[in-house]
Structure formats: C-alpha cells, structure tokens
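We name chains A, B, ... by the order of the sequence lines, and we start the count at 1 in each one.
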Amino acid sequence: MEHIRTTKVEQVKLLDRFSTNNKSLTGTLYLTATHLLFIDSHQKETWILHHHIALVEKLALTTSGCPLVIQCKNFRIVHFIVPRERDCHDIYNSLLQLSKQAKYEDLYAFSYNPKQNDSKRLQGWELIDLAEEYKRMGVPNSNWQLSDANREYKICETYPRELYVPRIASKPIIVGSSKFRSKGRFPVLSYYHHNKEAAICRCSQPLSGFSARCLEDEHLLQAISKANPVNRYMYVMDTRPKHRMQSWWATQKDIGRIIVRISSKIWNDEKIRESDEKKRLNAMANRAAGKGYENEDNYSNIRFQFVGIENIHVMRSSLQKLLEVNGTKGLSVSDFYSGLESSGWLRHIKAVMDAAIFLAKAIMVENASVLVHCSDGWDRTSQVCSLGSLLLDPYYRTIKGFMVLIEKDWISFGHKFSERLKEKTYSLWPFLLDDQKKYFNPLYSSKSPKFSVLEPNTVSFNFKFWRNMYHQFDRTLHPRQSVFNIIMDMDEQNKQLEKDIKDLESKIKQCKKKQTDGILTKELLHSVHPESPTLKTSLCFKEQTLLPVNHALRTIEGSNPADNRYREYAEEFSKSEPGVVSLEYDVARMTC
Amino acid sequence: MDEIEFSSTGSGWGSRSEVLAVGWGNSCETVRSLLPRGLLNSCPAGVSSCPASSCPFPSARSPRLTLLESVLLPGPRPTTGGMEFLELIRTGRAQVKLLRGPEAPPLRGTLCVTGHHLLLSPGPQGTSDLWLLLLRSVDSIEKRVSGDSGTITLRCKDLRVLQLDIEGVEATLDIARSIEALSSLESVITSFPFFYRPRGLRLGDAWHFHPPERYYKRVARETNAWRLSEVNEDFSLCPSYPRAVIVPRAVDDDALARCARFRQGGRFPVLSYHHAPSGTVLLRSSQPLTGPQKRRCAEDEELLRAVLAGARPGAPGFILDTRSAQAAKQAGVTVGGTEAKAAYPGWKRLHRPLEKGRPLQESFVRLVEACGDLEKSMDGWLSQLEACCWLAHVKEALSTACLAAWGMEREEACILVHGAEGMDNTLLVTSLAQIILDPLSRTMTGFQELVEREWIQAGHPFQLRCAHSAFSHAQPKHEAPTFLLFLDCVWQLGRQFPLSLEFGEGLLLALFEHAYASPFGTFLCSSEKERCLCEVRTRTHSLWSGLNQPKVRRKLRNPLYIPNPLAIWPSVEPQSLQLWQGLFLRWIRPPEPSQVAWEKVWQRLASKEKTEDCESTSKPQS
C-alpha cells in the first residue's frame, strides 16, 4: 500500500483502442493494493491485476489530458486519458512500483483468498499427481525406474525430485552426466509410449569442450537407447536453428578451418547415416567453444536431428512486433498481412509444430526413442516434448490430461518454487476443473480411434492468426455468436429431452397397466415437462443479452455499428448534416 | 467470442462442403437423368459415327452402360444443334487414367467426348460410377505428350485441377483439341442447359418463383409511396432492367422514360430495398450523363425528390458513389458524371471507391495461384496473400455495405448507390446492405430471392463476367469476379454470425459453381432481355428448382440457424476477416479431421430433432 499515492481519479477517459477518431468512455479510476479498476459511466467494470501489467507508458500531454497506456501480459491494452497531469504521474509511479514486485511473497497469489479451508486448499495441490501420471504411462517397468538421485535437489535444482531414468543407468552415471550438461539437466524421461515401448527424454545442451567427452553421458544415452527393446537407434533432436550456429560459425572461421582439417579423417565413420556436412561443421565449431553439441562419434546408435526453433529472445520480439501491428488504428488488410509476415510469429508456430510432428513420427513410424534438447532445456524442449506428447496420447487432449501435461513438461521441469508456494497459495487446477464446463469443446469425441495419433498438416495456409488469443479483450473483433455455446446448449437440451422421453415412457407403461385395470389418471398427462417447445427461441438470445433500450433492439449485442467504426469511413455523414451530431448521443443512449 | 476455428467440411459455417456432388458433378444418377433428351440431341456426333467394333464400351455390359448405349449409339441424327459439335469432336474416345487431386483415387477407363461433357466409364472391373464433367466448366487446358502417351491438365472454373493420362499421342491431341473447341463455345442456345432434362423437375418450374412483383407485394404492405411500373415492358427504356421495376408512386412512366435517357444504359434510379423499421429506402442506378456541359434532367431530380418525400419527413439522402471522387470527376469530362449538389437538394454525395474489372480479376487470379502452391514457406504465403489484395477488396466491399446500412438504420437516410454502369459494385453494395439489415434476406428463400432480384434480374452481366475463372490464359476482357466477391462477403457474415444465416456454405459454393458453369439456365445471358430472346425461361431448368428439391435443400441448410430479427453488423477489421478456405482451398486441402467435426454437428442436430419428434409423438399417445 505504501506505493499508492492516489486511490481514486475521476473523469478519466478510456479510449477505444482501434478508433481513429478517439472514441472514448468516461469513468472513474481506482487503485487498490492488487488491482487497477475502471468503472465507466454505464457501471461496466474493467479490472487489471497489477501483476498482469507488462508495461506502463505516460505519453506527452494533450489538450484533453495526460495519456496513460497500460500493456498487460494477457494482451489487454488500455489507453486512459487522465485530466490532470499530477494524478497521471501519481498513478504511473504507483503502477510502476506495484507491477514490479520483487519478492514472491508480495505477489497477489499470496494474498488471494478464495475462502477455502486449508484441507481443501491442500487437496487442490494434490489434484494433479505426477507419480500417478507416470504410472498411467506404464513406468516404472522393467526398463525404466524411479531415480532418487535428485531427492534433495542436489543434482539439479530445476528438476523435480522424482525422475525416471533407464533401469540400467546407475547413480554415478547420472551424476556424471549431470555435470556434463548445462545447469545439471541430464537426460530424463518425459513421456513413455506404452505400445511402442519408446520414450521421449529431455535434457539441456552438453558442456563438451573441444576435445572433451563425458563417458557417463554417453553411457546414459546408451542406456536410453537400450531401454527401447524394439529399436536400438535413437534420435537426439536439437531444437535450435542451424542458421544461428552458422552465423556464429562465420565468426569462428579460423577454428573452423582447423576443425575441418582434423575432422576429415574421423568423418568416414559409416554408422552415422545422416551426412549433413554443414551441420557437423557447426556442431564442431560450437564444440570448440566449449558448449553445445554432442560429438556424434562418441555416441553410437544415435541419429542427430536439427529442427529450427528460434530462441526466446527472437520469439519475444516477434510477438511484440505482432502486437504492435495489431494495435495500429485503422489497420489496412495489406499492413496486417505484411506485419504478420515480418513478425515471423506464424513461422515460429510452424517450426514448433514441425518439430513435434517429427518427434511423434519417430516414435510411431520408426519406433525410436527421442532425446530432445535446446540450450537450457526448459523452453523449446518443453514446447516440443509437450506438443509431441499431445499428438501421441489422446489423454493429453482431455481437460484434466492437458493440465497434467502442463504440470509435467512445463511446471515440474522448470522451477522448484512450486514446493515453497504450496504452503501459502492455492493451486489453479481445481478452480479450472470446477469451471470445466466453460472449457469444453462440444465436438470432442474420445471414441474416435482414427485420431488416436494426431497428424496435423503443416502446409503454410493451415496456420492462422489466433485472434481469440491476441485480441481476447477486443470484443468488437470477434464473431458475435458462438457456435460452441449453441452446440453445448443443444446437448443439454437433448439430454433433458431424452430424460423426458424416459419419464413419459415409464408413465405410459404405468398408464397402460392402469388402463387394463380400468383406471385412467388424467393428471399424468399434465405432469409432462412443459417447456421444451419454447427452448429453441430462448436459446437464441441467451448469449445475445439485449440492452434494454429500444434502439438497441435492432442490434445483436457486441455488434453495435458504432463499435464497428464504420462511421469513421464516412465522416461526411456528420459533416454534411449538422443535425446528425445527435448521433453520438444516439449511441450513448443505446448502451446506457 | 469463440468460434469454430477448425475450418471444416460440412454445410455449416467455417466449412467446406461436399454437398455439391449432389447432382451435377459426377454421379451416375446425373448421367441417367440427362439421357432421355440431353445426349440424344447433343452427343451422338463422336459416338454414333464410330464402327461398332471400336465401341468404347466393354462387351460385358452393366445395365447402366446398356442404358447409356441405347441412347448414344443408334441415336437419330439431330436436325439442329448437333452438327457444330460433330465437327468439333475429333475423336470420341480413348483409354485414360484420371487423377482428381490428392484425395480421390485415380480412375481408369474409357474417356468419351460428347457435345457438352467428358464422360469416363470405368472398365469392366471398375466399381465406381460414370464420371462426368461439363465441358463448359473447363477454364484452361494444357497438353503434354511424351513417348506414345500424353497428359492433359484441365483447370476448371470451380478451381478444381484434373489430370488425364491418355494412351496414344494422336488421341491426346485430338481430345485436347476437342475439349478446347467445345469448352469455349459462346452460343447460348446450344449450351447444355437447353438440353438438360433432369428427372423430377418440370420445365418452367420456379422461374416465377422470385419476380420483382413478388418483392413489390412486400413493399406495398409496408408503404404506399412506391409503385410497380411496367414501363420497361419491351426492354426499350433499359435493356439491362427487367420488365417491371419499383419506382416512386409520384413519378409517372413518361418521366421515367426521360430519366432513363439521362442515365447510362438507361438505368434510372429504382427501389432496391425498403427498410421498414426506419421507413427509408435503398435505391440503385447508373451514373447520370451530365457530361462536360453539366446537363441536368428535371425528371431525374424530381424522382429523387419524390424518394425523400415518400420517406420519413426530413429524411436526408445520400448518394453512395462506388468510384473515387477523382474517377467520378474524370467521367464527367466525357459523358458521365455525378449529380450536381445544387440540382438535388437534400442529397449528399459520398465516395467509396471499390475495385472492379480487370484489377479485381487479377486479384482473383493471383490468390488462386498462391493457393495452388503447397510448398510455399510461411513468409511466401503471407506475402502473396497480402499482394493479391483479395481480402482488402472484401473489406472494402463489406465496409461500404455497412456504411449504406448504417445510413439507413441509424441516420434514417435514403441511400442511392451507383458507380458508372451500376451493374457491378452497385449491386454488390445494395445486396450486402440488405443481408445486414433484413432478416428475411438471410433465409434460404430470401437469399435466393435476393440473388435473383439484385443480381440476375438487376442485369449483372453474368455471361461476360463469368466467361472465365482464375485459370484462363486468355487476356481478360469483361471478366470480373464481382459476384464471387459478394459470395465471399456473405461467407464472412456467416463466420461472424454463425447462427443468423439459414443457409450454409454449401449454397454459396453452389452459386459460385453455377455462375461459372451450370446445367441450369439461371445464370445464362447478361440481362432479362437476352434471356427473353433466348427463351431461357421456357427452354431450360431453373437452378432454384434444382436447389429447392427437398433432398438438396436439406443439405444446403445451416444446421445451427436460429431466426434473428436484428441487424447483423460485422467487424471489418483485417483481424476479423478470413480467407474463404472452403472455396479457395476446396480441392487442395485434405479435409478429414474437420469434416468429422462438422458431421458431428449434423449428427447432434439430427438426434436432437429425433428426440423432439419422439417426444411430441409420445405425448398424445399417453
């Protein structure tokens, strides 16, 4: 609270982000310890969690006031105009402090209290049990076992305590391998494919120096390949793009030349089937720098595969570029597509997808185990492992299964903070599960065996800009009617109707019995579920909640022509007709 | 917020549809149904002249083939209409392998060129039905020979690409030449619709289904400011208008005649739509012929004055010009021009330039080209999608229509739309504005009525605009995909309001296909006058009667439709518009997973209807 200087500012304007003529709503801005709250003149509330704020900007003073732009991590962007610069300055400084809480204990998660008792809270944390999940996959088994090597987080701080490794990998081998891998993230099991007896494993990059090798690491990889009784060949998937290495390589010409000379002899080795000259040169060059790539010669039965996923820095700036383009007022179709192209965002999505498909194919078609790594093994590796598992295993396509997947590949293999957080905070999963109806896909079918393994087609035109994600707060850009909702409602109705039929049928039976007894009760006829015929029409407007003002009756909610800014194309309408100034009033009347 | 983001195959929104295989594509049923007269008159050329020994059909005859032969082989020489085909068909038949894209398995059999069709009858071992292609739907043809065989690639107007592998170089060249000659015939009265006699339909049906008179009845119920005029009875006033038009009651036929002389092509302002909730109207016309002398026409001015007088008192008028202010001014240098402000009190002019003609056709061609390349990188695809500008045209068309609709609904103004000739973008804007505002035009019947009234009868020159599709190598003359752009905009509306249109994507795909090549007569010719001269209405079948057969109609329905009495205001931001994959990628994209999803929607609907029925029948029983 000590950061908050002003708790309430009146007459603040909230600008329409896409309007070219600065359409706005006026209201009051409140600052609480955890949230920024704006209540407009129609009593509509906009809540922004401080922790969600990614960027606060104070723009140059204008005649109408001082503009304050807040960008959130969940893609919400709000543009306020605060009448007095002093207030704006205060809010700006407060938000700057509040959004940059340094200590974990200051996070909202610690003060959030959903009014649950402690036992329920703890139950929530136990909702997703990874040991249970590994059991579901079929481990431990004769080839894979639970290792207690990391019980005290001694070997790897960022790994979970419970790790699954090949049964034949002894503790010294694990310890040795972990010393050879960046941040101690040695190869462990991520997913086990029960039918194929093949595994997806994950690790970080090796710290191999120019001539260094690590026998334990080589042993561990051997062990992984031996743990697959069907196919002894395994893949090592390096998810980093080649061109990064190439540019790096360009600066290392001298070392490179030496390497080429030395290595020309070694490389007649036949066991390596893939002969990508450049790839090896790059790996060699990186090895010379002390980091990066396994020396293929030291690892037998292994095929190395490079897939080009960009690093987090490239991804971050790509997303920023995308959001920037999409926030442009009066964006033209041509600027949208050239922005989409130059941001490279869809290219990255395709790269991740292609990598996951490669992974799934290696397991399904070749029956081979795969070891995935990038640099630290917690960004791109998590992307590829989890997406690959999702393609392979229908369980991860259920709501609970998807949560398990995120818990397994993202949370448990990232930071160990979760352990400490459990003491004071609440787990997200039970809240999502309680609400799971909201997240259902009504067309989901668990029974379709055809899609037990997904094989998405990655031809370029199949990738589309995900408007529902990046514009989730920009209501006006979305379809105004939801197919999913209607299908869900239809299903509900159907269930109700089926129930009615059963009731009726049983009543008919009763009736007939009684008829034979010569008695016919009339009341039975009236006990029939009375409302089914009207359901259809009531359905239609359930989601299109109509505004109670007569003008609005001609419009579906959210499909207000004013919201759609057509008028901005034709300012002449109002220019040419002074009387039409009433239009703004008209719109206001509509929504109030 | 959410929507079905998997674009898919089905008839609902966001989907592509196979429903079109229902009838006119390639089922055997089609062949049978057209036999009684169709082939008799048009096909015997190549076939009947061949000696019996080289008969294209195997001796082990299926009943199906016997039926076909009995008609083809001993067929009497047609007295008229057949000779020109005979000369054009160089060879009747050949052994071929047909490749129909990545999904369908190849077909092998005997290919036969007839006057209007390519027929492929599978060999004796073949299990599949006859395959049939309307020659008129071939947009471009490419032949290649190597060794003693050849390959013909047919690119169709519905964007399908077919490949024929043919035994024999001579046969290949002959077939290619025959197809080339037959697919580019321009004569209307020898075209296939004049021979098509499907079973279950009667000639003359449905042609009177959607006349302007019918729409006038509705207008007359809402207002009495308008009347139905038959001043154009003999098409002398305006060759591109229908016989009857709806005009202000206060203006008599003589005045209309003078108005017609003042407007290009005689297209004087007529009623397009009456918006009852605000009591205002949408009109369309062509440009006034003011010319450099700044001519005026008292009757034309009077007509527009009468329009405002008939509307809500004090209603403003807006003239929405689909040209840029610059282009409109330029037109005034020769013969055309714009309404002078002083001459039309109460009317204001807005310019909303929309692309038409060759640039629009090129945009279409480039988009189709981009869609055909599956190997393209992400960057390459996005940059081509941008460069072809198709979605920019969609955005402009939709936003102009929204503007017109906004003007009527919110400004309570009367709107007159015109460009130069007033038969392309003008119709695009008036028809889209109606779909936005008028719930009736979003029903299956209402939409068909709209297409008939605002496109076909309003004189959109289909014969010229749809002569070629995106694959033609010929230099475009009058071709432009204005009607396709309209269908695309309607599809976008369907995406944004998936419950508000009674018809699914299937109907839009059918209209696209039939506008370019059809066994029905509906899209033949460029105006009502031409249709009368060719006796289209009495000698061909109407597409509407084909589409409204219960079996077909059911499949064209949107399973999720719920009547919605409100206006539907779409978002026209680039993020909200999408490429119509169901059309542009229809033959390219493997559909399976998403198809299953749509089938499920249908299943649920069916099961819901079943339970509802079940319940309603079980009630009285009890």
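Here the rule is side chain to side chain contact (heavy atoms under 4.5 Å, CB included) with A:F461, and of B:I588, B:L385, B:L382 only B:I588 fits it.
What you find for A:L477 and B:E573 is that their closest heavy atoms are CD2-CG, 3.1 Å. Among all heavy-atom pairs drawn from B:E386 and A:S334, the shortest one is OE2-OG, 3.1 Å. Contact between B:L577 and A:Y337 at its shortest, heavy atoms only, is O-OH, 4.2 Å. Nearest heavy-atom pair across A:S460 and B:S377 is OG-C, 3.2 Å. Closest non-hydrogen pair, B:M378 versus A:R347, comes out as CG-N, 3.8 Å.
Proximity to chain B (any heavy atom under 4.5 Å) is restricted, for A:Y444, to the backbone atoms N, CA, C and O. Within the 4.5 angstrom heavy-atom criterion, atoms from both the backbone and the side chain of A:S338 approach chain B. B:C389 does not touch chain A: none of its heavy atoms, backbone or side chain, sits under 4.5 Å away. Residue A:D335 does not touch chain B at all, counting heavy-atom pairs closer than 4.5 Å.
The greatest number of non-hydrogen atom pairs below 4.5 Å with chain A, out of B:A370, B:A405, B:A392, is found for B:A392.
Atoms CG and CH2, from A:N462 and B:W381 in turn, are 9.5 Å apart once rounded to the nearest 0.5 Å. Atom CZ of A:R467 is separated from atom OG of B:S576 by 5.0 Å, given to the nearest 0.5 angstrom. The CD atom of A:Q481 lies 10.0 Å from the CG atom of B:L560; values are rounded to the nearest 0.5 Å.
Formation of a donor-acceptor pair under 3.5 Å by the B:Q575 side chain with backbone atoms of A:N326 is found in this model.
Considering only residues two or more places apart in sequence or on other chains, B:T400 meets the side chain to side chain donor-acceptor pair (under 3.5 Å) condition with none of them.
Summarising the local packing, NZ of A:K329 is surrounded by more than 12 heavy atoms from other residues, nucleotides or ligands at distances under 6.0 Å.
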